[in-house]
Each structure stands twice: as structure tokens, then as C-alpha cells.
Amino acid sequence: MNVEGQHYRTIWLKESDPRCVQIIDQRFLPHEFVIEDLTTVAQVAAAIREMHVRGAGLIGATAAFGMYLATLETSGDCLSWAAADLKATRPTAVNLAWAVDRQLQAIARGESSAEKTAIALATAKQIVDEDADYCRRIGVHGQRLIQRISRKKKGAPVNILTHCNAGWLAFVDYGSATAPVYAAHDHGLAVHVWVDETRPRSQGAKLTAWELGRHGVPHTLIADNTGGHLMQHGMVDLVIVGTDRTTFTGDVANKIGTYLKALAAKDNKVPFYVALPSSSFDWAMRDGLAEIPIEERGSEEVKYADGWRDGVRAEVLVAPQSSAAANYGFDVTPRRLITGLITERGICKANERSILALFPEQGGAR
Ligand code: MRU
């Protein structure tokens with residue numbers, strides 16, 4: 001996506017030094033645009049764990065480059081240490097283990113360490129190019145949903161609610177939930193996005209609002225508890241969110257609070273779509289509520305709020321220091337509350353039969 005007229009992806013190889021991976025350090029957005037160099041597996045693991053990069057697609061892409069750096073750090077014979085370190089960073093986004101395992105399988109085909117490094121780099125580049133292409137294609141399929149509503153509204157703005165950041169900052173480019181919005185906007189359709197602030201880390205307020213603003217897409221920031229009220233008053237035509245892990249039966253894990261939006265959407269007959277590249281399906285999980293690991297992060301993220309004052313990043317204590325706080329990062333929306341899934345291959349129902357019809361190669365094992 002464009003930043004100050006220059007096209008950026010969220011992760012890339014430093015032009016002058018192919019042993020250095022560069023990322024946009026998202027902790028400093030929206031008020032500072034900071035590029036960070038990563039040259040070791042330990043730095044990559046820290047960048048994922050401490051959320052310099054976040055979002056399922058980008059976590060996978062970053063881990064893929066982490067495995068490439070691992071082949072530079074060791075001879076490439078034993079990479080299980082790097083794989084374990086990277087996989088241990090965050091539990092919910094399936095793209096992390098998917099990317100690490102894809103690299104392990106590919107690198108194992110290499111004979112010499114130079115060959116293993118070359119394969120690791122090529123595979124990392126494949127994973128990031130695929131991620132960008134799949135998101136672009138999600139935009140093409142998802143745009144049709146918006147077009148249909150726009151026609152019904154005789155061209156009046158289509159009001160779309162989204163939660164967290166499932167934008168280009170959560171992937172390599174385009175985003176998942178935002179890709180249909182960008183595609184519709186770029187094709188001249190009037191759209192407006194309700195952006196949930198998404199406490200406790202405010203990915204909506206900081207990241208989604210920033211990227212929509214950069215692209216000129218009309219949007220309004222709302223407190224997380226506002227969406228239900230807007231739906232009751234007919235001010236939301238469509239909900240589109242992302243996912244960190246979706247079972248092959250259609251249960252969806254996403255940022256905490258997504259389930260509550262799905263309940264409100266169901267109660268108010270508002271279409272609720274989940275956008276995802278196939279790298280976010282867990283083809284081994286059937287029951288999302290019982291099986292998907294939910295990340296718990298530090299209580300300080302709930303008790304404090306961070307922002308900028310006089311151009312400096314600052315954290316303020318909101319709650320009494322003595323109060324306990326729980327910080328679940330994700331929840332599971334059961335498939336019965338989901339209208340459909342928007343994938344790179346098209347739109348399907350959130351059920352096993354419809355998903356496997358779109359991805360028949362995944363049906364074999366069942
Ligand atoms: O904790 P985060 O910022 O990594 O959570 C991100 C989300 O929940 C996104 O909605 C999700 O990753 C889907 S977009 C890849």
C-alpha cells in the first residue's frame with residue numbers, strides 16, 4: 001500500500017543486505033513510521049511476541065523469513081531450535097506454524113547449506129507473494145458483496161463494520177477484511193467503515209484508522225461496545241472481519257470481541273462475513289471452541305493505555321494498580337453466526353461441505 005506516495009509491503013528484504021529483513025514496527029503507528037532491521041531468529045521471535053508485527057498473515061510471513069535467517073545462523077542441518085522458538089511466540093494464529101512447517105519441509109530438500117539457504121529464501125518470497133496475491137483476490141470476490149448492497153442502496157454509502165486490524169498491516173499487502181473495501185473504493189463505490197477501536201491494544205484505532213485514512217476511505221472510529229447499537233438503528237449494512245484460525249468446519253477465531261459482534265449481527269440480520277486466505281484454515285481442527293488455543297497476554301495491556309503526548313509515546317495507568325486484570329486476546333465465533341467466508345478462491349458458506357467444495361484437495365484426509 002502507499003505511504004507518502006511510496007509503495008510499501010509490511011515486510012521485505014533489505015536491498016543493500018540480503019541477510020537483513022526489514023519490517024514496519026507497528027508499535028509506533030499511527031504517529032511514527034519506524035522501520036526495524038531483523039538479522040537473527042531471536043530478533044524475529046521478539047518482533048512477533050512483542051507485536052512489532054502482528055496479524056495472522058504477517059506473523060506467518062515474518063516466521064518464514066525467520067527460518068531463512070536460521071539457515072544463515074547455522075549450517076541449516078538442524079533448524080528445529082529455530083522452528084520451536086518461532087512457534088512458541090504466539091499460539092492462536094495458525095499461519096505461524098503453517099509457515100514454519102512449510103519452510104522445514106522445503107529446506108529439508110536442500111543438500112548443502114548454501115542450497116538450504118537458497119531454498120529458504122525462495123520459499124519465504126513465495127509465501128509473501130502468495131499472501132499478497134491471495135489478499136488481492138479476496139478483494140475481487142468481496143467487492144461483489146459490497147456492489148450488491150450498493151445497488152440496493154442506489155449508490156448511497158455502504159456502511160461496513162470491522163473489528164481489530166485485518167488490513168494490509170496484518171498481512172503483506174491489501175489485507176483480508178479491508179481488501180474488498182479498498183477494491184470497492186478504488187472502483188468508485190461509496191463506502192464508509194465503522195472502525196472498532198479494539199481494546200486493549202487498539203489495533204482498530206491505531207492501525208485500521210491509519211491505513212483507511214492513508215487510502216482516502218471514509219471511516220469513523222467507535223468504542224468497541226457501539227456496534228450493536230448501530231446495527232439496531234440500521235446503520236451497518238455489512239460486517240467484515242479477519243481470522244487468525246478457522247477450522248475446516250467453519251468456526252472462526254479472531255480478536256477478542258468478534259463473537260459479540262457476530263451475536264449482534266445475527267440479532268439484527270446484518271450479514272457477517274469473515275475474510276481469509278487459505279493459509280488461515282486449520283485443516284486438522286473440527287471444533288473451534290474446544291480446540292483453538294486462545295492467547296492470554298499480560299494484564300498490563302488492560303490496565304494501561306498507551307498513546308502519544310507532545311510527540312512522545314506514553315503509557316498511562318487507567319485502572320487501580322491493585323486490581324487484577326485478565327487479557328484474552330481472541331475468541332471463537334461459531335459457524336452458525338457466520339454468513340460466509342471470503343477466500344482467494346471465492347465465497348463459501350461457513351460449513352465443512354461448502355469449504356471443502358472450494359478446497360477439494362483438503363478433503364482427502366476426512
Ligand atoms: O493480536 P493481533 O493484532 O495479531 O490480532 C490480529 C487479529 O485478530 C486480526 O483480526 C487477524 O489477525 C486477522 S487478520 C490477519
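Each ligand, and each atom within it, is numbered from 1 in the order the structure gives.
Under the 3.5 Å distance criterion, the side-chain polar atoms of Asp237 are matched with a main-chain donor or acceptor of Asn159. Remark: side-chain polar atoms of Lys303 are paired, donor with acceptor, to backbone N or O of Ser323 under 3.5 angstrom. Side-chain N or O atoms of Thr247 include one that pairs as donor or acceptor with a backbone N or O of Asp251 at under 3.5 Å.
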Under 3.5 Å, which donor-acceptor pairs do the side chains of residues 293-300 form with other protein atoms, sequence neighbours left out?
| unit_1 | atom_1 | unit_2 | atom_2 | d |
| --- | --- | --- | --- | --- |
| Glu295 | OE1 | Arg90 | NE | 3.0 |
| Glu295 | OE1 | Arg90 | NH2 | 2.8 |
| Glu295 | OE2 | Arg90 | NE | 3.1 |
| Glu295 | OE2 | Arg297 | NH1 | 2.8 |
| Arg297 | NE | Glu301 | OE1 | 3.4 |
| Arg297 | NE | Glu301 | OE2 | 2.8 |
| Arg297 | NH1 | Arg49 | O | 3.3 |
| Arg297 | NH2 | Arg49 | O | 3.1 |
| Arg297 | NH2 | Glu301 | OE2 | 3.3 |

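Residues passing the side-chain hydrogen bond (donor to acceptor under 3.5 Å, both in side chains) test with Gln103: none are found, sequence neighbours excluded.
Contact residues of ligand 1 (protein heavy atom closer than 4.0 angstrom to a ligand atom; sorted by chain and number): Met51, Arg54, Gly55, Ala56, Gly57, Arg90, Cys164, Asn165, Ala166, Ala170, Phe171, Gln203, Gly242, Thr243, Asp244, Asn254, Lys255, Phe330.
Among residues at least two apart or in separate chains, side chain to side chain donor-acceptor pair (under 3.5 Å) pairs with a member in residues 175-184 are Tyr182-Glu211.
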